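For reference, the structure is listed below as structure tokens.
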Amino acid sequence: QVQLVESGGGLVQAGGSLRLSCAASGRSVSDYAMGWFRQAPGKEREFVMAITRSGTRTYVADSVQGRFTISRDNAKNAVYLQMNSLKPEDTAVYYCAADSGFDFGNTYYRTNTYDYWGQGTQVTVSS
């Protein structure tokens, strides 16, 4: 089992940047493929980005392509989401998640692919 804690959220103006962190404990993030999801009020939780266990492949939602990047630092036992050129529609609670499965396959974008979730961190983008 692994515990995940997100941090780094806050209030930022449109066009600005934030870097979210996901700190793991209990087990190493190297044991998991990792994903970031977000959920706005009244909306479904949606996929943002994911990264494989090796870190050699990433996946990105169309809505954030070219603006967000995901990375992992196994030495720090953490995963990051760098968010640039933020838009008001990026406002949401952001969650990191860990997948203990063998391979993402074509399911990296599904919430039920992931076994462990953090508590979320709020990101608010003002216009």
Side-chain angles (χ1 to χ4, degrees):
Q1 296 184 355
V2 64
Q3 293 75 235
L4 305 173
V5 179
E6 303 95 333
S7 62
L11 175 64
V12 64
Q13 292 184 335
S17 299
L18 283 174
R19 189 190 192 212
L20 305 184
S21 298
C22 176
S25 61
R27 294 197 67 177
S28 174
V29 294
S30 65
D31 295 328
Y32 303 93
M34 302 293 295
W36 285 96
F37 289 74
R38 66 188 183 185
Q39 188 166 22
K43 297 183 179 179
E44 296 290 316
R45 189 169 299 188
E46 67 173 348
F47 168 76
V48 178
M49 294 200 76
I51 188 168
T52 59
R53 292 184 184 183
S54 66
T56 58
R57 181 180 292 182
T58 62
Y59 303 88
V60 60
D62 291 343
S63 59
V64 304
Q65 184 171 278
R67 300 188 296 120
F68 291 12
T69 56
I70 189 171
S71 63
R72 65 192 307 153
D73 188 335
N74 291 340
K76 296 182 178 179
N77 209 25
V79 178
Y80 306 96
L81 183 69
Q82 178 66 47
M83 306 185 294
N84 298 324
S85 301
L86 283 163
K87 305 174 181 179
E89 51 262 45
D90 295 319
T91 295
V93 176
Y94 283 71
Y95 300 88
C96 68
D99 172 28
S100 61
F102 173 74
D103 192 281
F104 277 139
N106 293 321
T107 67
Y108 58 87
Y109 59 90
R110 297 181 181 270
T111 58
N112 63 5
T113 294
Y114 299 85
D115 304 295
Y116 306 99
W117 294 82
Q119 85 290 349
T121 185
Q122 176 71 48
V123 172
T124 302
V125 184
S126 63
S127 60

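All values reported here derive from a predicted model rather than from experimental measurement. These numbers come from the heavy atoms of this one structure, side chains and all, not from hydrogens, waters or symmetry mates.
Between the side chain of E44 and the main chain of Q39, no donor-acceptor pair closer than 3.5 Å is present. Between the N77 side chain and the N74 main chain, no donor and acceptor come within less than 3.5 Å of each other. Without hydrogens or angle criteria, R67 side chain to S63 main chain gives a donor-acceptor distance under 3.5 Å. In this structure, the side chain of T124 does not engage the main chain of L11 through any donor-acceptor pair within 3.5 Å. The backbone N or O of T52 sits less than 3.5 Å from a side-chain atom of R72, completing a donor-acceptor pair. For T91 (side chain) and V125 (main-chain N/O), a donor-acceptor pair under 3.5 Å exists by modelled atom type. E6 places a side-chain N or O within donor-acceptor distance of the main-chain N or O of C96, the cut-off being under 3.5 Å.
For the atom pair CZ of F68 and CE of M83, the computed distance is 5.5 Å after rounding to the nearest 0.5 Å. Rounding to the nearest 0.5 Å gives a distance of 9.0 Å between OH of Y59 and CZ of F47. Note that CD of Q122 is 10.5 Å distant from CG of L20, once rounded to the nearest 0.5 Å. Atom CD1 of I51 and atom OH of Y108 lie 14.0 Å apart (nearest 0.5 Å). Q119 contributes atom CD, which lies 12.0 Å from atom CD of Q3 (distance to the nearest 0.5 angstrom). Separation of atoms NZ (K87) and OG (S126) is listed at 15.5 Å; rounding is to 0.5 Å.
In this view, T113 and D99, F104, T107, R110 satisfy the side chain to side chain contact (heavy atoms under 4.5 Å, CB included) rule, not counting sequence neighbours.
D115 and S100 get closest at one heavy-atom pair: OD2-OG, 2.5 Å. Here the shortest heavy-atom pairing between V60 and V64 reads CG2-CG2, 3.6 Å. Between L18 and G8, the closest heavy-atom pair is CD2-O, 3.8 Å. For the residue pair M34 and I70, the shortest heavy atom distance occurs at O-CD1, 4.1 Å. Across all non-hydrogen atoms, the minimal contact from Y116 to L4 is O-CD1, 3.6 Å. Across all non-hydrogen atoms, the minimal contact from S17 to Q82 is CB-NE2, 4.0 Å.
Remark: D62 CG is loosely packed, at most 12 non-hydrogen atoms of other residues, nucleotides or ligands lying under 6.0 Å away. Within a 6.0 Å radius of CD in E89, other residues, nucleotides and ligands contribute more than 12 heavy atoms.
The shortest side-chain heavy-atom distance between R38 and R45 does not fall under the 4.5 Å cut-off. When side chains are defined from C-beta on, Y95 does not count as touching C22, because their heavy atoms never get closer than 4.5 Å. Residues Y114 and Y32 have side chains not in contact (no heavy-atom distance under 4.5 Å, counting atoms from C-beta outward).
In this structure, R19 satisfies the cation-pi test against Y80, with its NZ or CZ atom closer than 6.0 Å to the six-membered ring centre and inside 45 degrees of the ring normal.
A chain of hydrophobic side-chain contacts below 4.5 Å, direct or via other Ile, Leu, Val, Met, Phe, Trp or Tyr residues, connects V12 to L81. Under the 4.5 Å side-chain heavy-atom criterion for grouping Ile, Leu, Val, Met, Phe, Trp and Tyr, W117 is connected to V93 within one hydrophobic cluster.
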